[in-house]
Asks: 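Just passing along the structure, written as structure tokens.
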Number of protein chains: 2
Amino acid sequence: MVSIKDIAKRAGVSISTVSYALNGNDKVTKETAAKILQAAEELNYVPHAAARLLKTKKSNMIGIFLTDFEGNFYGNLLQGVKEYVSSKGYDLLVCSGPQSRRLISERMIDGAIILDATFSDEELLQYANNGHKAVVLDRELQHPHINQVLLDNKAGATLAIEHLIEQGHDNIYAVSGPAGSYDALQRLRAVHQAIERVPGLTFTVLPGDFTKSSGEAAAQRIAAEYTRPAAVFCLNDEMAIGVYRYIRTHTDLVIGKHIHLVGFDNTELAQFIEPRLTTIDYSMPKWGALASEQLIKMLGGEPVENERIYVTLVQGASVTAATGT
Amino acid sequence: MVSIKDIAKRAGVSISTVSYALNGNDKVTKETAAKILQAAEELNYVPHAAARLLKTKKSNMIGIFLTDFEGNFYGNLLQGVKEYVSSKGYDLLVCSGPQSRRLISERMIDGAIILDATFSDEELLQYANNGHKAVVLDRELQHPHINQVLLDNKAGATLAIEHLIEQGHDNIYAVSGPAGSYDALQRLRAVHQAIERVPGLTFTVLPGDFTKSSGEAAAQRIAAEYTRPAAVFCLNDEMAIGVYRYIRTHTDLVIGKHIHLVGFDNTELAQFIEPRLTTIDYSMPKWGALASEQLIKMLGGEPVENERIYVTLVQGASVTAATGT
DNA sequence: AAATGGAATCGAAACGTTTCGATGAACCAT
DNA sequence: ATGGTTCATCGAAACGTTTCGATTCCATTT
């Protein structure tokens, strides 16, 4: 491979001069610089990233860590991150799986964005203690090298439940999320609070894990004990889709009439399914962009504050007013 | 940062012995190895990837390059790639955007999977000439360092058109893909061939670019000139969804009755939309897994053959038999 | 004409590994 | 005891950069 050394030879200068010229250092004369650049061009030189990283300790790459690639959940988030970081001259690496953690510890990336429950808090604190910077999207963690950009789960869940109550529903279900999930915990907590504010409600929590099939299982239970219209808050859209699927294929009940449904995330599917799913919306690209902005500021040594992503309720026909009593 | 040198000091051995021990080389005695491993443990040693890469010229990372992250198209493909490569001890980096190309040229990754029309053929051949290995998913390219794993576009498009014809349709539209797309070109070519085989059909090609909004535009034209049932083959599902959206919100026509629709890709949305979209299905995870398998074989110097991903027709209610004449 | 200063260039060390060839110690057979 | 093997360990070079401090050269000042 052609290296800086080859350029030096061809241009008749020393290695260090080549390095300076290539990096646009103004110590080097216009003419020598031109000569060097031309030689580099002729030799088809490309720098060796690893060598440079070894010396400078800066890779200009940031990594985002996801639990998996499945579902269409992440697309817009990634897009937001990508656009921001590339505008700042960084590259984005999307990583998933336990193996990929070495990118952090082995200093291949300058910073990380974490949306991956398979990282433990201790692990992240450990990285932070070793000087690695991170922005976390799925937990709260206090450390000078860690910043948080979190969804306003509490507001979202409150909006969802209050909407159901306002529509006159008093037979309410919540379909929960997986055990370790911070988002699920926050949402569920807000649900309980909202429920407690209104006396006289029937309220049931059903287990769930954010997958379609757990939504189906919940729907099965709801259908089995059906006596009067039920209002169901699924802690994410994915499970709500599962509810649609089960209710449609296994029962005569109708979504928006017998089963009233609210989700969380406003995924693409939520917009296209009939009747349109009432759900909690927030801007994925903005979430990603904000997270990367915070991270890059941290890398530059700027102080940052924790941030929050605001949410709104979007109404579809999956929830209608309760009829009579 | 703690390096191999610190371990050497603490364990009272030379640097090279540490390196051997850490790499499990059996030249080194069990006892010294244990001593070294323990020292490494105590010091909380992590290897420095860049240094190793500089020396060994092997990063154990492979990159997959995508045009963008939008849509839910890629999730399952990535999942397939990820699972295969991590089973082989590689890390997967998902990359998008012009910046990320430097991961290839600067040898950060050992090989690349390309599904990104923004790479030109010349560019890829250039990489290959420089010794970089790649598997391409979206074009045909002859080079000893390049392998192809392609969808059977021709079979898919033929299935789609022949299905419409079998159902008795004779007023047929195709909504095309973006100009530079290999997949679109292949599909369209097969469409023409299938159409020509049957005399007496009305056939129109409408422009499209694989986005929902181009599907909507096509639907607008179809609706405007509507006189009798139309059978539409959208070259991907995304555009078919656009057709649904337009037809539903702007016309009184009914999908599966007035407008008969076939897509390509069998996306998640296609399965949930009503009526279910008739479309061409193939296994995304398998596509990804096969591509990575080929790539890793190439990296190991094994010979590989180009591969093809087979497709099938899945029928939904978006196409029904043409009524009478 | 000599001394001074600044600018351009250079040499060498360093980053953290791997790996080749050399060194030395311990063992065995004669 | 001697020489020959084997085996564990070591020293040093190398990978391709960056960057500090030293050197050279030229022009300016006295």
Side-chain angles (χ1 to χ4, degrees), chain A residues 1-37 39-40 43-61 102-110 130-132, chain B residues 1-37 39-40 43-61 102-110 130-132:
Chain A
M1 269 305 88
V2 22
S3 80
I4 214 183
K5 198 186 294 184
D6 304 305
I7 301 181
K9 196 177 299 172
R10 173 178 266 248
V13 297
S14 79
I15 287 181
S16 40
T17 306
V18 174
S19 175
Y20 287 132
L22 256 26
N23 290 316
N25 189 315
D26 50 358
K27 283 157 99 180
V28 43
T29 272
K30 271 205 166 33
E31 299 85 55
T32 26
K35 202 170 53 182
I36 290 169
L37 266 350
L43 292 173
N44 230 301
Y45 168 76
V46 287
H48 192 302
R52 189 202 286 123
L53 171 56
L54 177 58
K55 195 71 206 168
T56 63
K57 305 180 176 330
K58 185 120 179 28
S59 69
N60 283 307
M61 303 195 291
R102 69 187 181 91
L103 292 175
I104 302 180
S105 57
E106 300 185 6
R107 353 193 95 58
M108 284 266 84
I109 57 176
D110 295 340
N130 287 338
H132 302 283
Chain B
M1 270 306 86
V2 23
S3 79
I4 213 182
K5 198 185 295 182
D6 304 306
I7 302 182
K9 197 176 300 171
R10 172 177 266 247
V13 297
S14 79
I15 288 181
S16 40
T17 306
V18 174
S19 176
Y20 288 132
L22 257 26
N23 291 315
N25 190 313
D26 50 358
K27 282 157 97 179
V28 43
T29 270
K30 271 207 166 31
E31 299 85 55
T32 27
K35 202 169 52 180
I36 289 169
L37 265 351
L43 292 173
N44 229 303
Y45 168 77
V46 287
H48 193 301
R52 189 201 286 122
L53 170 56
L54 177 59
K55 194 73 219 219
T56 62
K57 304 180 176 334
K58 186 121 177 28
S59 69
N60 283 307
M61 302 195 291
R102 69 186 181 90
L103 292 176
I104 303 179
S105 56
E106 300 185 5
R107 355 191 95 56
M108 284 266 83
I109 56 177
D110 295 340
N130 288 338
H132 301 283

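Within every chain, numbering begins at 1; the chains are lettered A, B, ... in the order of the sequence lines, protein sequences first and strands thereafter. Just so it is clear, the values below take in all heavy atoms, side chains as well, and ignore hydrogens, waters and symmetry mates.
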Asks: In whole angstroms, how far is the C1' atom of dT19(D) from the CG atom of Asn25(A)?
Replies: 10 Å
Asks: Counting heavy atoms from C-beta on, name the nucleotide in dT18(C), dT18(D), dG16(C) closest to the side chain of Thr56(A).
Replies: dT18(D)
Asks: Among residues at least two apart in sequence or on other chains, which ones pass side-chain contact (heavy atoms from CB on, under 4.5 Å) with Lys58(A)?
Replies: Thr56(A), Asn60(A), Tyr90(A), Asp110(A)
Asks: Just call it for Val18(B): base, sugar-phosphate, or nothing, with non-hydrogen atoms closer than 4.0 Å on any strand.
Replies: nothing
Asks: When the distance from CG of Leu22(B) to P of dT18(C) is rounded to whole Å, what number comes out?
Replies: 7 Å
Asks: How does each nucleotide of nucleotides 8-15 of chain C score, in 5' to 3' order, for protein heavy atoms under 4.0 Å: base (B), sugar-phosphate only (S), or none (-)?
Replies: SBBBB-BB
Asks: For the pair made of NZ in Lys58(B) and P in dT19(C), what is the distance, rounded to whole Å?
Replies: 13 Å
Asks: Drop me the distance from Glu106(A)'s CD to Arg52(B)'s CZ, to the nearest 0.5 angstrom.
Replies: 5.5 Å
Asks: Rounded to the Å, how far apart are Leu43(A) CG and dG16(D) P?
Replies: 14 Å
Asks: With sequence neighbours excluded, what pairs up with Arg10(A) under the side-chain hydrogen bond (donor to acceptor under 3.5 Å, both in side chains) test?
Replies: Glu42(A)
Asks: Report yes or no: does Ser59(B) contribute a side-chain atom to a donor-acceptor pair with the main-chain N or O of Leu53(B) at less than 3.5 Å?
Replies: no
Asks: Applying side-chain contact (heavy atoms from CB on, under 4.5 Å), can you list everything that pairs with Asp6(B), at least two apart in sequence or on another chain?
Replies: Val2(B), Ser3(B), Leu43(B)
Asks: At under 4.0 Å between heavy atoms, what does Ser3(B) touch on the DNA or RNA strands: base, sugar-phosphate, or nothing?
Replies: sugar-phosphate
Asks: Quickly work out the Asn23(B) CG to dG16(C) P distance and round it to whole Å.
Replies: 17 Å
Asks: Please list, chain by chain and in numerical order, all residues satisfying side-chain hydrogen bond (donor to acceptor under 3.5 Å, both in side chains) with Ser16(B), sequence neighbours excluded.
Replies: Ser14(B)
Asks: Work out which heavy atom in Leu22(B) is nearest to a heavy atom in Ala40(B); give both atom names and the distance.
Replies: CD1-CB, 4.4 Å
Asks: Rounding to a whole Å, what distance do you find between Ile4(B):CD1 and dG16(C):C1'?
Replies: 7 Å
Asks: Using a cut-off of less than 4.0 Å, is there contact between a side-chain N or O of Arg52(A) and OP1 or OP2 of dG16(D)?
Replies: no
Asks: Report the end-to-end axis angle of the helix from dA1(C)-dT30(D) to dT30(C)-dA1(D); each axis comes from five terminal pairs, and the value is rounded to 10°.
Replies: 60°
Asks: Mind checking what makes side-chain contact (heavy atoms from CB on, under 4.5 Å) contact with Lys27(A), not counting sequence neighbours?
Replies: Tyr20(A), Asn25(A)
Asks: Give the rounded distance in Å between these two atoms: NZ of Lys9(B) and C1' of dG16(C).
Replies: 14 Å
Asks: Send over the distance from Asn60(A) CG to dT17(D) P, rounded to a whole Å.
Replies: 16 Å
Asks: State which residues pass side-chain contact (heavy atoms from CB on, under 4.5 Å) with Lys55(A); sequence neighbours excluded, sorted by chain then number.
Replies: none
